[in-house]
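Taking it in order: structure first as structure tokens, then the write-up.
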Amino acid sequence: MYNDVDRVLFDETAIQSRLQTLAETITADYLGKELAVVAILNGSLIFAADLLRHIPLPLTLHCLSIASYHGGTESSGVVTFNQLALPNLSGRHVLILDDILDSGLTLEAVSKRLTEAEKPASVRICVLLQKRKERIPAIAADYIGFEIEDEFVVGYGLDYQQRYRNLPFVGVLRSEAS
Ligand code: XMP
């Protein structure tokens with residue numbers, strides 16, 4: 001598995017240190033409020049587990065299972081909600097967590113659906129990674145771990161055909177492996 005990685009972009013130490021800073025910013029921004037965190041599965045699982053342990057605020061955690069990649073390295077453009085029921089977020093301060101903002105289609109669909117169906121008090125987006133690229137929709141994250149170039153990455157929750165999520169770092173796959 002490690003041999004399939006061309007280069008490491010962010011190792012464990014860099015990720016944990018950045019998450020600590022990100023968590024401090026989020027904590028300061030939401031002081032005195034109760035957060036409703038919505039983690040997008042499967043990609044944000046490891047990111048959410050590490051980030052939330054650095055946020056000492058009262059919060060509830062909700063998971064949404066979404067499929068948008070369907071196994072390749074290009075976004076399919078089709079966002080599927082794998083569960084019918086949404087968490088009750090009416091009047092709540094919602095923080096959506098995802099692994100990466102790439103085309104933006106997933107986060108746009110999720111924030112639109114949650115906003116329309118649940119009427120939350122506020123909705124913000126936090127991602128581990130944001131790719132530097134133009135997007136239609138013009139969506140941007142409110143909290144970003146790292147900005148990266150427009151290349152396919154794996155590890156720390158991110159997969160290629162469901163593999164590599166357990167790598168402790170974020171890295172670029174060798175072209176032969178994809
Ligand atoms: P977008 O923003 O394109 O992203 O709707 C949808 C989902 O696609 C996955 N994704 C990636 N997964 N390496 C990955 O392992 C990548 O470079 C990558 N880009 C997008 C990810 O699950 C994201 O939530």
Side-chain angles (χ1 to χ4, degrees), residues 1-12 14-15 18-19 22 26 36-52 61-83 86-87 94-117 123-178:
M1 183 172 70
Y2 282 64
N3 291 339
D4 293 344
V5 175
D6 182 44
R7 61 190 195 283
V8 173
L9 295 184
F10 309 108
D11 65 14
E12 274 184 277
I15 293 172
R18 180 68 190 120
L19 292 199
L22 200 55
I26 293 169
V37 174
V38 176
I40 311 293
L41 299 180
N42 294 329
S44 77
L45 189 70
I46 293 170
F47 171 47
D50 282 350
L51 180 78
L52 294 180
L61 174 60
H62 314 267
C63 294
L64 265 192
S65 176
I66 305 284
S68 50
Y69 235 77
H70 307 295
T73 59
E74 290 298 323
S75 178
S76 64
V78 180
V79 179
T80 311
F81 287 74
N82 292 334
Q83 65 208 59
L86 292 177
V94 173
L95 182 64
I96 302 173
L97 296 187
D98 205 359
D99 52 357
I100 190 165
L101 182 64
D102 190 346
S103 71
L105 291 169
T106 303
L107 280 166
E108 199 212 30
V110 170
S111 52
K112 195 162 168 239
R113 175 121 193 249
L114 292 184
T115 305
E116 286 174 1
V123 178
R124 286 188 188 162
I125 291 171
C126 174
V127 291
L128 175 69
L129 305 170
Q130 178 167 289
K131 288 190 182 175
R132 274 188 208 102
K133 67 197 281 186
E134 286 205 9
R135 352 191 124 71
I136 303 167
I139 187 166
D142 301 283
Y143 303 100
I144 302 162
F146 303 97
E147 283 220 288
I148 62 168
E149 295 309 318
D150 189 6
E151 54 190 353
F152 195 79
V153 292
V154 293
Y156 196 71
L158 292 126
D159 73 304
Y160 173 67
Q161 295 186 341
Q162 299 303 330
R163 294 166 62 216
Y164 306 105
R165 291 194 200 274
N166 54 327
L167 287 172
F169 53 79
V170 173
V172 179
L173 260 193
R174 278 187 204 288
S175 51
E176 309 91 84
S178 62

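Ligands are counted one by one from 1 in listed order, and the atoms in each one are counted from 1 as well. Note that this is a predicted model, so its numbers are computed, not measured. Numbers for residues simply follow the sequence, beginning at 1.
No N or O atom of L107 sits closer than 3.5 Å to an N or O atom of ligand 1. Between Y160 and ligand 1, no pair of N/O atoms sits closer than 3.5 Å.
With contacts defined as side-chain heavy-atom distances shorter than 4.5 Å, the pair L9/F146 does not qualify. At a threshold of 4.5 Å between non-hydrogen side-chain atoms, the residues Y156 and I46 count as touching.
The option from Y164, F152, Y156 that lies nearest to atom 16 (C) of ligand 1, judged by heavy atoms, is F152. The closest non-hydrogen atom to atom 21 (C) of ligand 1, taken over D99, V79, I66, V172, comes from D99.
At a 4.0 Å heavy-atom cut-off, ligand 1 does not touch I40 at all.
Which parts of ligand 1 touch E151 is read off a 4.0 Å heavy-atom cut-off, strictly below it: atoms 17 (O). Near D98, meaning under 4.0 Å from one of its heavy atoms, ligand 1 places the atoms 24 (O). Remark: ligand 1 atoms within the under-4.0 Å shell around heavy atoms of D159 are 14 (C), 15 (O). Interface atoms of ligand 1 facing S103, defined by a heavy-atom separation under 4.0 Å, are 1 (P), 2 (O), 3 (O), 5 (O). Close contacts of ligand 1 with K131, meaning ligand atoms under 4.0 Å from a residue heavy atom, involve 16 (C), 17 (O), 19 (N). Shown in contact with V153 at under 4.0 Å from a heavy atom are these atoms of ligand 1, numbered in order with element: 13 (N), 14 (C), 15 (O), 16 (C), 17 (O).
By the salt bridge (Lys or Arg N to Asp or Glu O under 4.0 Å) test, K133 is found to be paired with D102, D150, residues two or more places apart in sequence or in another chain being considered. Under the rule for a salt bridge (Lys or Arg N to Asp or Glu O under 4.0 Å), the partners of R7 that lie at least two apart in sequence or sit in another chain are E151.
Taking the six-membered ring where the residue is Trp, F169 and Y2 present perpendicular rings, their angle passing 60° and hence far from 30°.
Judged purely by distance below 3.5 Å, without hydrogens or angles, the side chains of D4 and Y160 never pair a donor atom with an acceptor atom.
Residue S65 forms a side chain to side chain donor-acceptor pair (under 3.5 Å) with just one option from N42, T80, N82, and that option is N82.
A cation-pi geometry, defined here as NZ or CZ lying under 6.0 Å from the six-membered ring centre and within 45° of its normal, does not hold between R18 and F10.
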